[in-house]
Number of protein chains: 2
Amino acid sequence: MPARREQLNRDRVLAAAVALADAEGVDAVSMRGLAQRLGVVPMALYKHVANKDELLDGMIDAVVGEIEPPVSEVDWRTTVRRRILSARTVLLRHPWARRAMESKTTPTPIVLAYMDSTIGMFLAGGLSVDLVHHVMHALGSRVFGFTQELYETTPAAEVPPEVARFMAAQFPNIVAVATSRPHDPGSVVGPGCDDQFEFEFTLDLFLDGVERLHRNDWHS
Amino acid sequence: MPARREQLNRDRVLAAAVALADAEGVDAVSMRGLAQRLGVVPMALYKHVANKDELLDGMIDAVVGEIEPPVSEVDWRTTVRRRILSARTVLLRHPWARRAMESKTTPTPIVLAYMDSTIGMFLAGGLSVDLVHHVMHALGSRVFGFTQELYETTPAAEVPPEVARFMAAQFPNIVAVATSRPHDPGSVVGPGCDDQFEFEFTLDLFLDGVERLHRNDWHS
DNA sequence: ACCTGAACACCGTTCAAGT
DNA sequence: ACCTGAACACCGTTCAAGT
């Protein structure tokens with residue numbers, strides 16, 4: 001019997017799942033939909049992943065694997081900052097990964113290895129174990145390059161005028177703050193918020209605080 | 001014909017949905033499951049909520065409505081701190097609400113009003129509109145009293161010894177940091193992390209940073 | 001006009017039948 | 001022994017039929 005053009009295996013299944021999620025969103029990645037994309041019957045996937053949950057784990061591992069390995073020979077702050085910004089660029093390539101990670105409750109070995117390596121950066125910088133404990137809690141999902149912005153900020157230009165009037169009357173503070181254009185009025189990002197700026201602003205605010213605690217020999 | 005013991009209306013539907021989510025988790029709140037709980041046919045719910053999405057919005061509004069109104073006559077930092085800690089106690093009463101809010105992409109008027117009021121606290125304290133813009137981005141979901149802790153921290157006591165040995169070998173940094181007990185070795189919270197302590201630690205680290213920027217007349 | 005049962009188009013997964 | 005089609009137990013929602 002003629003062999004299939006390319007034999008199905010776990011990596012092919014995961015790569016196809018990531019590609020499908022990139023192209024059509026994570027909702028398109030159903031066992032049935034993915035099977036169709038691969039030209040196989042749905043049940044064929046269960047030979048390579050135990051269930052849907054393990055499929056998602058594998059997809060997340062693939063994304064985390066794209067994050068750059070740590071650079072050495074620089075101070076802890078620079079090392080951590082680079083790693084987190086690298087994670088961010090990876091997550092921007094796979095927008096579905098944020099929600100996928102949020103939906104999981106236990107980490108895979110690959111995710112644990114990533115976190116272990118990040119913790120190592122702080123410890124190598126001389127921060128106390130207790131301080132790093134709090135720092136990791138405070139970092140939260142930011143280690144993976146994303147923050148929890150609950151709602152998309154719609155560019156002001158796209159809001160119909162009658163809605164804008166209603167908003168200004170009902171929520172004057174939101175409108176005042178949302179229409180402020182702090183960093184660059186004619187910036188390349190155009191209308192709306194410069195998410196990259198906001199991400200780095202918060203990251204630096206956070207790293208400032210940690211550095212200050214560390215310099216003051218903070219413990220317990 | 002005999003009237004039902006209690007006439008069904010929107011508030012009864014929402015209250016039952018919140019109670020069901022509190023008791024059995026948000027997954028138990030399906031249109032079918034909720035209808036059964038109320039002793040009505042599934043389609044009867046569609047008279048009071050347009051669809052599942054609007055049901056979730058109503059449940060979230062009910063939760064946000066439980067957050068204490070702002071106290072006045074104190075400085076902005078105290079006002080904001082109290083509000084956020086109040087939001088946190090509400091969210092702890094309704095553990096499902098965090099994920100429910102994460103799943104939404106557009107805020108309801110009640111959520112907008114809450115955010116407007118929070119922004120007003122910063123502005124009333126004299127912070128510049130530009131600074132408050134960044135601060136709201138940096139706060140993210142923390143305004144609602146939760147942070148994005150991706151994975152639950154399992155109490156060390158519950159980890160089987162062979163798993164503990166494996167972890168120590170594979171992820172020494174995680175183990176070192178996870179087994180540190182920074183704030184109180186014999187605390188009331190017992191094994192695991194004191195989430196309340198970590199939440200306040202991060203919140204105060206954040207407020208420290210904001211206060212410093214504000215005192216330095218930070219703008220743009 | 002109002003209410004609702006059956007149906008539709010999905011989903012992840014089980015399992016027995018076919019090769 | 002391996003593969004897979006049909007089936008199961010769900011889901012949100014549509015819609016036509018019944019009162």
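When reading the values below, keep in mind they use all heavy atoms of this one structure, side chains included, and skip hydrogens, waters and symmetry mates. Just so it is clear: chains get the letters A, B, ... in the order the sequence lines come, proteins before strands, and each one is counted from 1.
- At a non-hydrogen distance threshold of 4.0 Å, M43(B), Y46(B) from residues 42-50 of chain B come into contact with DNA chain D.
- Among dT4(C), dT13(C), dT13(D), the nucleotide with an atom closest to any side-chain atom of K52(B) is dT13(D).
- Taking atom P on both nucleotides, dA7(C) is separated from dC8(D) by 16 Å, rounded to a whole Å.
- One interatomic measurement links the two molecules: CE of M31(A) to C1' of dT14(C), which rounds to 13 Å at whole-angstrom precision.
- When both pairing distances are held under 3.5 Å, dC15(D) makes a Watson-Crick or G-U pair with dG5(C).
- Aromatic ring pairs are classed by plane angle as parallel below 30°, tilted from 30° to 60° and perpendicular above 60°; the pair F197(B) and H134(A) is tilted.
- Looking at D22(B) and R93(B), no side-chain N of the basic residue comes within less than 4.0 Å of a carboxylate O on the acidic one, giving no salt bridge.
- Comment: E102(A) does not engage R99(B) in a salt bridge, judged by the lack of any side-chain N to carboxylate O separation of less than 4.0 angstrom.
- Rounded to whole angstrom, the span from the CG atom of D53(B) across to the P atom of dC11(D) amounts to 17 Å.
- Put simply, CG on L8(B) is 15 Å from C1' on dC2(C), counting in whole angstrom units.
- Under the side-chain contact (heavy atoms from CB on, under 4.5 Å) rule, Y114(B) has a single partner from I67(B), T108(B), I119(B), which is I67(B).
- To the nearest angstrom, P of dG12(D) lies 15 Å from CD of E54(B).
- One atom, CZ of R32(B), and another, P of dT13(D), lie 11 Å apart when rounded to the nearest Å.
- Counting only heavy atoms from C-beta outward, the side chains of I84(A) and R88(A) never approach each other to under 4.5 Å.
- Rounded to a whole Å, the CD atom of Q36(A) is 16 Å from the C1' atom of dG5(D).
- One atom, CG of L56(A), and another, C1' of dG12(C), lie 12 Å apart when rounded to the nearest Å.
- Counting only N and O atoms by type, the side chains of T202(B) and R142(B) include no donor and acceptor under 3.5 Å apart.
- Atom pair D27(A):CG and dG12(C):C1' shows a separation of 15 Å (rounding to whole Å applied).
- Using cut-offs of 30° and 60° on the angle between ring planes, the pair W76(B) and F122(B) is tilted.
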